Amino acid sequence: MTVYPDYYKEFECIKGECRHNCCIGWEIEIDSDTAEKYKSVGGELGDRLKRCIDWNEPCFILGENERCPFLNGDNLCDIIIGLGEDKLCGICADHPRFKNELPDRTEIGLGLCCEAAADLILRQKHKVGLVLDGDSPCDDSIINLRDAIIDTLQDREFSVFERLENMLWLCGEDNFVVDIKNWADRLYNLERLDEAWTNRINTLKTPIDFEGYADYIKNYECEYEQLAVYFIYRHFANAPDGDSCIKRAKFAALAVNIIYALGAAEFTLRGELSFDRRVDIARAFSSEIEYSDENLYTIIDSL
Ligand code: SF4
């Protein structure tokens, strides 16, 4: 059975218009089947493939500013242009989609580090549902708990922060407080992908008008619901044991708190915060924390 959020099929890469292209700054490994196929490509593109791939542990040799060597001046992919989309390696073909293999199901979704995916996720106004495609699932206590958590996170009778507390209570945790200034220091000491993230972290150390932001954001609070549901859907059920599930619920609560605080801090400095900027904050958090295994597990292990 395959499971996916109901907005999943609406995703479209914005290609050349993307400001944080996934072909810049990330190491891109090439699966062995694709590497073999690339070896047999002839002509000018074949020569480039031979030159621009590290064949020892196949991956693209990133160029200036850590650009993929096949990302052209229009920010389009020369491999797609020259060979077709079906000739991409696994990572390039899948991104920004993620996949969690669970005992009775494969769960897929869109990663928040992609700006088009983040835009799509935050744009959802309804209570996002999970589409179950295939045979009926087994009765699984972790999935049942996650379903209950998602219901709790979507209970609009409560504020988003009350819902996060209710989620933790469901997991048996009633004493989780996020001290933002302390977390600013902890984030500062983690691995960095983009120096712009440092500036964002620094805003957390300035006075923040949380009350003003709560008032400003009240009609868009559902964006934080979508984020909470995203983090729980993606990280909760594939934890190795029950203890890790609780840590992952705390991670979801922490992630929403930090993304909210970054928004409130930027609102305090600018006096406004557009939807695009709110999307960009969520994208940046995901790129820097969620998509760095080192950072993600340093945080989860500490919770
Ligand atoms: S980050 Fe997303 S929108 Fe941007 S190029 Fe990659 S897949 Fe496309």
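Counting starts at 1 for both ligands and their atoms, following the listed order. These numbers come from the heavy atoms of this one structure, side chains and all, not from hydrogens, waters or symmetry mates. Because the structure is a prediction, the values reported are computed rather than measured.
When each of Glu115, Glu223, Glu266 is paired with Arg277, the salt bridge (Lys or Arg N to Asp or Glu O under 4.0 Å) condition holds for Glu266 and for no other. Applying side-chain contact (heavy atoms from CB on, under 4.5 Å) to Trp183 and the options Leu254, Asn257, Ile201 leaves one that passes, Leu254.
Each protein N/O/S atom under 2.8 Å from atom 6 (Fe) of ligand 1 was counted, for a total of 1.
With values rounded to the nearest 0.5 angstrom, Leu49 atom CG is found 12.5 Å from Lys87 atom NZ.
Judged by distance alone, with hydrogens and angles left aside, the side-chain atoms of Glu29 form no donor-acceptor pair with the main-chain N or O of Ile91 at under 3.5 Å.
Between Tyr224 and Phe161, the distance from one ring center to the other does not fall under 6.0 angstrom.
Using bins of under 30°, 30° to 60° and over 60° for the plane-to-plane angle, the ring pair Tyr260/Tyr213 lands in the perpendicular bin.
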